[in-house]
Amino acid sequence: MSVIQESLYAQMQSLEDDPFDMVTIFKILSQDVDLKRIEEICKKIIERHEVLRTGLTIEHGELIQKIEDDWEFEVRTIKESCEDISSLVNQSITQFELDKPPLMEVLYVDTLNGELYMVFHFHHTIADGISMDVFAKEFCSIYNRENLEPVKKQYRDYIAWEKNYLGSKWFADERLILTENLKGVTGKIDLPYDCENVDAANYDGSTEMFTMAQKMFEDLKALAAANGTTLFMALLASFDLFLHKVSHNKQIAISTPVSTRWDGGFEDNIGMFTNSIIVKSEYDKDKKLADYFKETGNDCLTAYQYTDYPFSRLRKDLSIRDSRAFCVRYVYENVNKRVPKMDGLSLEQVLYKRNYQEFDVTFEFLEENGVLRIFIHYRKQLFKPETVKKMEEQYIEVVKTILDNPEANLSVIGFEEASQNSGKTGSEKEKQGKEQESNQEQVPATSQAGEPSEKVLCDAITQVLNIDQVSMQDNFFKMGGDSIKAIRVISILREKDYAITLQEVLTCETIAEIGTCMKIKDGLEYEQGEISGKVGMTPAIKNFIEYQFEKPEHYNNAMFFKEVHYEEEEVKEVLDALVKHHDILRSKFVNNVLEILPYNQYSNYQLTVVN
């Protein structure tokens, strides 16, 4: 697999639902539709591009993709009334099994009210946005009975090209440059979240769409030209200034998608060629807006020199472990070319509203036929609709300020330094006030009398890392810590009546920051009685079952204690106590159902003595 395929595949293993879909919807304006012909055209395109006949799987612990010779494809017909085509599509599209190609489908939708639609659905591991354009172009050509040139390169050629790049001096040199250019970047932005508690597996999202006033759009394009920048750069500059204003952060670093198909000559290929680059911005109230626009343009040009450097590798190089880093996305696209033109078949692309969002918030700017539409995609668990609506108004206000004061300094934007309540919505501030007033919720550990929390934390870390002393400015991970050792630290802290989550430890840069996250335990007692019966399964267990290994019983963990003498009865006593205490040790699978047995019925445990 390519690096981006491996990254997407790994993310999917921890999710119950697969959020990585590429969907395009066309309204059919013609009266006569030959579904058989459409089906045959799609089969020809699948034959042309190996990646459309590819399944993704794991063999012998290695992520691979297999090009299959035996595959089936047919246009699926849906006849169902609906008020919103996007909702119907979201309910109807297939949850792909990644090892069973083709990882694409075409739906013919009859809404029973005279409206007909054609839906093209691809899995993101085998197609990106440009791939949708390539597919549409080839579909039109074949429909119009035009001859197509043979495909000169396949996606596996790109994987070979990427592998060669990753082992080159070119790649090593780029790593040194990027880590120096992006030193200190965290990727965190203090947006006005309505909720900070994130369920990492919940991608439930929504979209707010608005159109920029035509005069404002024309003026913005003129300003971009006057400053020697492209529209992409001008929109990015305005978006960054908006982020500075609403987050109160002086440094902004966001990701934007780019294509990696150009250097290797894969312009006409279908496949997943998307990468992300990082563009950072620094707020300086004395800087001229014109200079800021030019600086943004130069930063973009610099970032675009490294489009091939895998984003997942760059995060690792920058020691960015926080899963919430770079959760703000900027996207610009000109979509004029994605409207198929065919003899006898007339299609019109319609808006597709996704019901999932991978990022906290994405501003997507789509230019079509001289009109700029802006889509704010957001995660519903983080933002209320009214908060997103306010962000829309704030962004337009920033653009208006820029256009009204093109010669002014950045101070005209109205940036304020971060305060204690920065990034909080009104409801959060109100809640915070009530918590402080009542003092009945969890209190920061450092405010409590008794043994200082800093000493408790340092003692726990020195014990786990087996070192003599630590400084509050030390980095837990640079000292040899990892997620497993973090769990051990958390366990020791709990014994001392302090509470902290693993996510909080993993996202803190220093031990001092870990200390600020510690809370006094709430004092509640939790049920410790014996648990038994049929229970639900975690995504990891479900995935293990779905792999259908030939010998699943061989996937074990073992511990070996050398040169230690134990009495047999004492060992049995200890192991019996562990089996009684941990319900999962009394579990069994019957017909793919997980069941916890009562202790008095559990008989599978054995202690074997070998002399």
Start with the C-alpha distance between L191 and L243, add both sets of side-chain angles, then the distance that settles side chain to side chain contact (heavy atoms under 4.5 Å, CB included), and finish with yes or no. CA-CA 8 Å; L191 292 176; L243 291 175; 3.9 Å; yes
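- The minimum heavy-atom distance linking S206 with Q357 is given by the pair O-NE2, 3.8 Å.
- Ring-plane geometry between F239 and F363 is classed as tilted, the angle between the planes lying from 30 to 60 degrees on a 0 to 90 degree scale.
- T256 places a side-chain N or O within 3.5 Å of a backbone atom of Y330 that can act as its donor or acceptor partner.
- Exactly one of T57, L98, I159 qualifies for a side chain to side chain contact (heavy atoms under 4.5 Å, CB included) with Q65. That residue is I159.
- Taking the side chain as every heavy atom from C-beta outward, F122 and T24 never approach each other to under 4.5 Å.
- To the nearest 0.5 angstrom, Y306 atom OH is 13.5 Å from F171 atom CZ.
- Checking side-chain atoms of T387 against main-chain N and O of F383 turns up no donor-acceptor pair under 3.5 Å.
- Side-chain contact annotation: E174 with Y165, donor-acceptor N/O pair under 3.5 Å present.
- Remark: side-chain polar atoms of S247 are paired, donor with acceptor, to backbone N or O of N249 under 3.5 angstrom.
- Put simply, the side chain of T260 gets close to the backbone of F273: a donor and an acceptor are under 3.5 Å apart.
- Remark: K169 engages D173 in a salt bridge, criterion side-chain N to carboxylate O under 4.0 Å.
- Judged by distance alone, the side chain of S86 and the main-chain N or O of K353 form a donor-acceptor pair under 3.5 Å.
- Distance CZ/F326 to CD1/I278: 3.5 Å, rounded to 0.5 Å.
- Remark: K183 engages E180 in a salt bridge, criterion side-chain N to carboxylate O under 4.0 Å.
- Taking a cutoff of 4.0 Å between a charged side-chain nitrogen and a carboxylate oxygen, D317 and R313 do not qualify as a salt bridge.
- Remark: of the listed residues D128, D308, D133, D128 is the sole one forming a salt bridge (Lys or Arg N to Asp or Glu O under 4.0 Å) with R261.
- Listed here is the closest heavy atom pair of I514 and V505: CD1-CG1, 4.2 Å.
- Pairing each heavy atom of M22 with each of A127, the nearest pair is CG-O, 3.7 Å.
- For the pair D194 (side chain) and K384 (backbone), a donor-acceptor distance under 3.5 Å is present.
- When every heavy atom of Q473 is checked against every heavy atom of A512, the shortest pair comes out as NE2-CB, 4.1 Å.
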Starting from the C-alpha separation in whole Å, work towards a yes-or-no answer on salt bridge (Lys or Arg N to Asp or Glu O under 4.0 Å) for D204 and R379. CA-CA 6 Å; D204 190 19; R379 293 174 73 174; over 6 Å; no
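- With rounding to the nearest 0.5 angstrom, the CD1 atom of I277 is 11.0 Å from the CG atom of L314.
- Rounded to the nearest 0.5 Å, atoms CG (L382) and CZ (F359) are 13.5 Å apart.
- At least one side-chain heavy atom of Y9 sits less than 4.5 Å from a side-chain heavy atom of M1.
- With values rounded to the nearest 0.5 angstrom, R175 atom CZ is found 6.0 Å from T179 atom OG1.
- Salt bridge status for E393 with K390: absent, with no side-chain N to carboxylate O gap under 4.0 Å.
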Side chain to side chain donor-acceptor pair (under 3.5 Å) between E364 and Y332, worked out: CA-CA 6 Å; E364 183 177 17; Y332 166 80; over 6 Å; no
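- One finds the NE2 atom of H123 at 7.5 Å from the CG atom of L8 (value rounded to the nearest 0.5 Å).
- Here the side chains of L457 and M518 are in contact, with some heavy-atom distance below 4.5 Å.
- Classification of E295 and K287 as a salt-bridged pair holds, one side-chain N sitting under 4.0 Å from a carboxylate O.
- A donor and an acceptor atom, one from each side chain of Y352 and N90, are located under 3.5 Å apart.
- Annotation: side chain of T211 is not in contact with side chain of L372 (no heavy-atom distance under 4.5 Å).
- A donor atom on one side chain and an acceptor atom on the other are not found under 3.5 Å apart for Y378 and T207.
- Within the 4.5 Å cutoff, the side chain of C517 has heavy atoms near those of the C508 side chain.
- Ion pairing of K280 with D299 is absent here, as no side-chain N (NZ or NE/NH1/NH2) approaches a carboxylate O to less than 4.0 Å.
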Might you work through the side chain to side chain contact (heavy atoms under 4.5 Å, CB included) test for F20 and T125, ending with a clear yes or no? CA-CA 8 Å; F20 301 113; T125 52; 5.8 Å; no
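- Between the R373 side chain and the M212 main chain, no donor and acceptor come within less than 3.5 Å of each other.
- Remark: E386 CD is packed, more than 12 non-hydrogen atoms of other residues, nucleotides or ligands lying under 6.0 Å away.
- Between L493 and V456, the closest side-chain pair of non-hydrogen atoms falls below 4.5 Å.
- Between H124 and D21, the side chains place no donor N or O within less than 3.5 Å of an acceptor N or O (distance only, hydrogens not considered).
- S7 contributes no side-chain N or O that, together with a main-chain N or O of V3, makes up a donor-acceptor pair within less than 3.5 Å.
- V388 and E208 get closest at one heavy-atom pair: CG1-CB, 3.8 Å.
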Check the pair L410, L289 against side chain to side chain contact (heavy atoms under 4.5 Å, CB included), reporting the backbone distance first and the verdict last. CA-CA 6 Å; L410 296 191; L289 276 168; 3.5 Å; yes
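- A donor-acceptor pair shorter than 3.5 Å cannot be found between the side chains of N275 and Y309.
- Below 30°, between 30° and 60°, or above 60°: for H244 and Y283 the angle between ring planes is between 30° and 60°, a tilted geometry.
- When atom types are taken as modelled, the side chain of N475 and the backbone of F477 share a donor-acceptor pair closer than 3.5 angstrom.
- Residues V185 and Q251 are in side-chain contact: their nearest non-hydrogen atoms beyond the backbone lie under 4.5 Å apart.
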For D240 and I254: C-alpha separation, side-chain torsions, deciding distance, then whether side chain to side chain contact (heavy atoms under 4.5 Å, CB included) applies. CA-CA 9 Å; D240 278 346; I254 63 173; 3.6 Å; yes
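- The shortest non-hydrogen separation linking Y498 to S453 is OH-CA, 3.8 Å.
- Between the side chains of S276 and R329, at least one donor N or O sits under 3.5 Å from an acceptor N or O.
- With no hydrogens or angles considered, a side-chain donor-acceptor pair links Y155 and S2 at under 3.5 Å.
- A salt bridge is absent between E282 and K250; no separation between the charged side-chain nitrogens and carboxylate oxygens falls under 4.0 Å.
- The shortest distance between side-chain heavy atoms of Q394 and K245 does not fall below 4.5 Å.
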